[in-house]
Amino acid sequence: MSEFIKKLFSRLKFFLPISTSILFVITILAFLSIRSTTISINQLLQKSLELEVDAIYKMFEREYQIKNDAVKNHLKVLHYIFYSYNFEVSNDTINIKVANQITNKTHFVAINKWYLNNDFLIENHFLVDTLKALVGGTATVFQKIDSGYLRISTNVLNTDNQRAIGTFITNNSMVVKTIEQGKTYYGRAFVVNDWYITAYEPLYHKNKLIGMLYVGYKEKNLDQLRDIINNIQIGKSGFVYAIDTFANVIIHPNNEGENWSDSLIIKQIINQRNGTIRFNCVKNNYTKIISFKYFKEFNLIVAAQIIQENEIEQIRAKLIKNSIIIAIISISVLLIFIFIITYKN
């Protein structure tokens, strides 16, 4: 027995450098494998974020294009309905209180009485409500005043959920500047209290510009967007959110309504508008990967982020475990093999 033990120890001395070499090689290979796999995973994570952002961006594009096409068609319908009736402008005037839609400052103006099909048009909403019943969206008849263009018939609602009668668009707006040139305005515009995709057409009487016709849709359906975005899950820690260029959090799973203007990372995103960044949080010892893209028409930056360590930790641990198992099996098999072929000696 003692002779056997001596032979065993002598063989072990022979096996030790071989075992160490095998362990070293496997360790190096495992390290390279983990490093390569980590790089690949990070690339896949980034690609996944970029794909999610691109998908939402394309959804924004589709929604904008659909609404943009709709307002052009709806303006034609409103134009046809309006001019199918007898339109008259009376020399009689009426004093009404008007409010700037931006500042809410009020004053009184005297405006001519308008009649459509012999019905007094001011606060008569038959025309705009007919359009809404036919094709949807919002519509307004504007009358020109010294301060701008006044809503005299509309189905646009204010914050109190009342028709925004008596509010006016100021002369310095891009809409009014376009109308004053005798052109139809198509595009984004602030309407009472929100941004809309709009179309405005000059309204003439006896070759004189006296007002304008409007149709429009709210540019983004936040409830619909919120449902879509909040249901997106990226890996274990990823999610999607949207901010505007003033750092207001428009859609977010947990922080909606906040303002992140003090955040350095948000400042970088707003300044860069499009791209992917990695942010190392030393305090919490993790790395954020954030992909983002700016949709100008909605003035929204959609961003998708993920915590790198949360996604690769489990895979990395599995790779290390597998490498250890492989090392143990390899060394054991080799030792057994060498022991067998040298046993007779």
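- Here Asp129 pairs with Arg163 in a salt bridge; the nearest charged N to carboxylate O distance falls below 4.0 Å.
- Two residues are said to be in side-chain contact when any heavy atoms from C-beta on lie closer than 4.5 Å; Asn118 and Asn86 meet this criterion.
- For the pair Leu134/Thr130, a side-chain contact is recorded, criterion being any heavy-atom separation below 4.5 Å from C-beta on.
- Each of Ile96, Thr154, Asn158 was checked for a side chain to side chain contact (heavy atoms under 4.5 Å, CB included) with Ile165, and the lone residue meeting it is Thr154.
- Linking Ile, Leu, Val, Met, Phe, Trp and Tyr residues whenever their side-chain heavy atoms come within less than 4.5 Å places Tyr83 and Ile152 in a single cluster.
- The minimum heavy-atom distance between Ser90 and Tyr115, with the atom names listed, is CB-CE1, 3.8 Å.
- By the 4.5 Å heavy-atom criterion applied to side chains, Leu49 and Ile306 are counted as neighbours.
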TODO: Dump the intermediate steps for side-chain contact (heavy atoms from CB on, under 4.5 Å) on Asn95 and Thr93, then the final yes or no.
DONE: CA-CA 7 Å; Asn95 288 319; Thr93 61; 5.7 Å; no
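- The minimum heavy-atom distance linking Pro202 with Thr184 is given by the pair CD-OG1, 3.8 Å.
- Under a 4.5 Å side-chain heavy-atom cut-off, the cluster of Ile, Leu, Val, Met, Phe, Trp and Tyr residues that includes Ile270 is completed by Phe239, Tyr241, Ile243, Val249, Trp260, Ile265, Ile266, Ile269, Ile277, Phe279, Ile290, Phe292, Tyr294, Ile301.
- What you find for Asn155 and Gly137 is that their closest heavy atoms are ND2-O, 4.1 Å.
- Heavy-atom minimum distance, Ser291 versus Glu50: OG-CG, 3.4 Å.
- The side-chain heavy atoms of Leu225 and Met59, taken from C-beta on, include a pair separated by under 4.5 Å.
- Panel note: side chain Thr138, backbone Gly216; a donor-acceptor pair is recorded below 3.5 Å.
- Residues Ile234 and Ile232 are in side-chain contact: their nearest non-hydrogen atoms beyond the backbone lie under 4.5 Å apart.
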TODO: Verify ring-ring contact (aromatic ring centres under 6.0 Å, His included) between Phe295 and Phe298, making sure each step is shown before the conclusion.
DONE: CA-CA 6 Å; Phe295 191 70; Phe298 289 177; 4.9 Å; yes
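- Ring-plane geometry between Tyr200 and Phe142 is classed as tilted, the angle between the planes lying from 30 to 60 degrees on a 0 to 90 degree scale.
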TODO: Begin with the C-alpha distance, continue with both residues' side-chain angles, and end with the deciding distance and a verdict on salt bridge (charged side-chain N to carboxylate O under 4.0 Å, His left out) for Glu63 and Lys218.
DONE: CA-CA 11 Å; Glu63 182 177 358; Lys218 280 191 177 182; over 6 Å; no
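- Looking at Glu88 and Lys113, no side-chain N of the basic residue comes within less than 4.0 Å of a carboxylate O on the acidic one, giving no salt bridge.
- For the pair His252 and Ile229, the minimum side-chain heavy-atom distance is 4.5 Å or more.
- Taken to the nearest 0.5 Å, the CG atom of Asp146 stands 9.0 Å off from the NZ atom of Lys144.
- When each of Val175, Thr140, Ile179 is checked for a side chain to side chain contact (heavy atoms under 4.5 Å, CB included) with Tyr214, only Thr140 meets the rule.
- Under the 6.0 Å cut-off for aromatic ring centres, His107 and Phe168 qualify, their centroids lying closer than that.
- Between Glu219 and Arg188 there is a salt bridge, with a side-chain nitrogen of the basic residue lying less than 4.0 Å from a carboxylate oxygen of the acidic one.
- Between Phe126 and Tyr85, the ring planes lie perpendicular to each other; the angle is over 60°, past the 30° to 60° tilted range.
- The aromatic rings of Phe87 and His205 stand perpendicular to each other, their planes meeting at an angle above 60°, with 30° marking the opposite boundary.
- Atom-to-atom distance recorded for Asp119:CG and Leu127:CG is 11.0 Å, nearest 0.5 angstrom.
- Taking each heavy atom of Val71 and Val215 in turn, the nearest pair found is O-CG2, 3.3 Å.
- When all heavy atoms of Asn100 and Thr170 are compared, the closest pair comes out as ND2-CG2, 3.2 Å.
- Once rounded to the nearest 0.5 Å, the distance linking OH of Tyr80 with CG of Leu75 reads 15.5 Å.
- Salt-bridge annotation for Lys293 and Glu52: absent, with no side-chain N of the basic residue lying under 4.0 Å from a carboxylate O of the acidic one.
- Under the 3.5 Å distance criterion, the side-chain polar atoms of Asn231 are matched with a main-chain donor or acceptor of Asp227.
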